[in-house]
Amino acid sequence: MIRKSLIALSLLGVGLSISLNAASAPSAKPEQKKAKPQTFLWNNATVYFLLTDRFNNADKANDLAYGRKADAAPLRGFMGGDLKGIIAKIKDGYFDRLGVNAIWMTPPVEQIHEGTDEGTGKSYGFHGYWAKDFTKVDANVGTDKDFKNLVEIAHQHGIRVLLDVVMNHTGPVTDGDAVWPADWVRTEPACDYHTADGAIKCTLVKNLPDFFTESDKAVELPPFLVQKWKQEGRYEQETKELETYFGRTGYPRAPRYYLMKWHTDWIRKYGVDGFRVDTVKHVEATVWKELKHEASLAYEEWKLAHPKLKLSDDAFFMTAEAYNYPIRDGLLFRMDGGSRINYYAHGFDSMINFGFKSDAHQPYETLFSQYSGYLSGELKNYSVLNYISSHDDGSPFDPARLQPFVAATKLMLSPGSAQIYYGDETARLLNVSEAQGDAKLRSMMNWGALQNNLPIASMQNIAPGQVKPSTRELLLHWQKLGQFRRAHVAVGAGVHQQLSAAPYVFKRSYQHDGVSDVVIVALDLPVAKVHQLDVSGVFSDGEKIRDYYSGKTSIVKAGKLELPGQYSIILLGKP
């Protein structure tokens, strides 16, 4: 929880002397002003990751499609969230207020129609990772038109869209969902993870057929897809596009090249800005470089055809989910069996950082300085996507949500890009007692707690007589940090420098390709009345500087900056 405080400091390098004053409780929303165009860098992005089915239900008519039933085990069936629900929150400004500039959603592609039991009760493909048809939006989450609208409206708000891509496997086989042909997929053996091939040429789990991504053998379309497309009246169009694609590329009609065509169509048709690629270590690394090539061509084609809809001339972006990759491994991911591989050299701009959830237990300076060292050293020109919780990680940073304010501060102020998992900002429960396995992490977004401004029940160690902070107070904390990140690329992309150990103050500076930015941050400040800051050498006389936490601005005079004090956090940058 953010203390209101009082202090006087003298800091090396900047010589800040600060006093902080108690103030009124935070408002429901941070101060909003008309947005100006802001510099965007993927290595400073704030990415909001959501399971479409679990985020917001705006259309109850599509809650159960294809004859699906409400007969799943707890949190293992479709619950109604849809693309229209995401669109509604974009239009409402929810993501703008949170400082989000990229949305990553689970795969919207059509899932297997029936459910199956993997040992945790009957489950459906609500999560998007059990594909049946990669070319169409699943009716449970909406329509192709809904997806088109989502990307366009997100772009209107300056928000990029990341599509979750699965090239490793199909959905499980059920009585109503046929196995893909034998020249498309293997159904055994199960992965043993003793070698690289023991994680690639195998099935992740029983009854999850694995694509022959290593094969160059030509294959025909699966009969069930041919029949499906004919029933839907689009067989001629789909096959015509395939003829054009294979004619242009000269690729053999092998499984991976069909998959590349189908995945890159989401770029070509809708303007998706990047891929979050699933199960990267379970596919040959060379495949990802091929995918990046085709994705980049599709992105340039879309931008050329839609000059008024594109957000920038940035290149297509890809981030990798290579299970258990930590930032400390740098460029070389540790494969099963001990071999090392550079996925950055195989098309990826970023890697999901599985190490952050444990690294975040370190003190601020240890965490920040280490990460800055990695990203300005071996990983220069690349980045990582940090997270505190996720959809399939049973060991998040703060599983019981006992310290949600600290979790936000560490994630949002760490070097690198930040992934907010839906509900991190509202302390949504990560351990639903009636569910099993990863379903515990996937409850519906707790909009009711936000609407009713409920206290955060999970927080403990509250002082006697002190009221537990509310859900809105927590959201406001995330919003302030998010808007600071969005306005200042130096936060995630800049070089870190500690200015004072006690109280803890640091600066971040970024200068590259004509973009220059610098910020100063102070954390865990004790109580005082007024900020009096010596900012000479960082900010110049006459400059207006904003504290993004209190929302107040002041003019630098004779190297000094004065701001009314309020909180134990100061986030300084040019407005």
Side-chain angles (χ1 to χ4, degrees), residues 2 5-21 23 30-41 43-44 99 364-365 368-369 372 376 409 412-415 480-526 528-575:
I2 307 307
S5 50
L6 170 65
I7 183 172
L9 347 154
S10 180
L11 303 178
L12 292 174
V14 256
L16 281 81
S17 109
I18 304 178
S19 313
L20 294 163
N21 179 34
E31 179 184 351
Q32 292 289 300
K33 296 183 179 180
K34 186 175 181 180
K36 65 178 182 179
Q38 293 172 322
T39 300
F40 174 83
L41 300 173
N43 54 359
N44 180 62
Y364 286 123
E365 177 56 22
F368 296 162
S369 61
S372 180
S376 60
T409 303
M412 299 296 275
L413 294 181
S414 286
K480 291 175 176 180
L481 293 166
Q483 290 186 21
F484 183 54
R485 280 185 66 94
R486 186 168 180 167
H488 290 283
V489 296
V491 179
V495 176
H496 176 86
Q497 179 185 349
Q498 178 178 291
L499 301 177
S500 169
Y504 181 57
V505 184
F506 66 84
K507 79 170 183 177
R508 299 261 172 82
S509 53
Y510 178 88
Q511 191 161 358
H512 187 67
D513 288 342
V515 177
S516 181
D517 186 36
V518 63
V519 297
I520 292 176
V521 174
L523 300 175
D524 292 341
L525 299 172
K529 289 188 176 180
V530 162
H531 300 316
Q532 293 181 339
L533 299 84
D534 181 349
V535 296
S536 56
V538 179
F539 300 120
S540 302
D541 284 359
E543 286 186 321
K544 179 188 289 186
I545 304 301
R546 182 181 184 188
D547 172 15
Y548 282 76
Y549 208 85
S550 68
K552 305 298 182 181
T553 59
S554 182
I555 304 295
V556 180
K557 298 178 181 178
K560 306 285 185 180
L561 192 68
E562 291 191 0
L563 287 165
Q566 290 181 334
Y567 306 105
S568 65
I569 291 181
I570 300 172
L571 307 173
L572 295 179
K574 296 178 184 179

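Start at 1 with the first residue, then count along the sequence.
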Q. Taking only residues two or more places apart in sequence, or in another chain, which ones meet D547 in a side chain to side chain donor-acceptor pair (under 3.5 Å)?
A. S550
Q: With sequence neighbours excluded, tell me which residues meet side chain to side chain donor-acceptor pair (under 3.5 Å) with E365.
A: H496, Y504
Find the distance between [atom1] ([X]) and [atom2] ([Y]) and round it off to the nearest 0.5 Å.
{"X": "L561", "Y": "T553", "atom1": "CG", "atom2": "OG1", "result": "9.0 Å"}
{"X": "Y364", "Y": "L523", "atom1": "OH", "atom2": "CG", "result": "5.5 Å"}
{"X": "S554", "Y": "L572", "atom1": "OG", "atom2": "CG", "result": "10.0 Å"}
{"X": "T409", "Y": "L481", "atom1": "OG1", "atom2": "CG", "result": "5.0 Å"}
{"X": "S500", "Y": "F506", "atom1": "OG", "atom2": "CZ", "result": "12.0 Å"}
{"X": "L571", "Y": "R485", "atom1": "CG", "atom2": "CZ", "result": "12.0 Å"}

(Q) Quick check with a 6.0 Å cut-off and a 45 degree axis cone: is R546 positioned over the face of F484's six-membered ring? (A) no
Q.
Tell me whether K544 forms a cation-pi arrangement with F539, defined as NZ or CZ under 6.0 Å from the six-membered ring centre and within 45 degrees of its axis.
A. no
Q. Which of these, L41, N44, V518, sits in a side chain to side chain contact (heavy atoms under 4.5 Å, CB included) with Y510?
A. L41
Q: Using the side chain to side chain contact (heavy atoms under 4.5 Å, CB included) rule, pick out the option among V519, I545, D517 that qualifies with K574.
A: I545
Q | Considering all heavy atoms, the nearest P415-S372 contact | A | CG-N, 3.9 Å
Q | Heavy-atom closest pair, residues P503 and L525 | A | CB-CD2, 3.5 Å
Q: Give a yes or no on whether the backbone of K480 and the side-chain of Q483 come within a donor-acceptor separation of less than 3.5 Å.
A: no
Q) Is a side-chain N or O of R508 found less than 3.5 angstrom from the main chain of V491, in a donor-acceptor match? A) yes
Q: Would you check if the distance from the ring center of H488 to the ring center of Y548 is below 6.0 Å?
A: yes
Q.
What I'd like to find out is whether the side chain of I570 reaches to under 4.5 Å of the side chain of V521, using heavy atoms alone.
A. no
Q: Please examine the side chains of Q497 and L499, heavy atoms only from C-beta on, and report whether any two atoms are closer than 4.5 Å.
A: yes
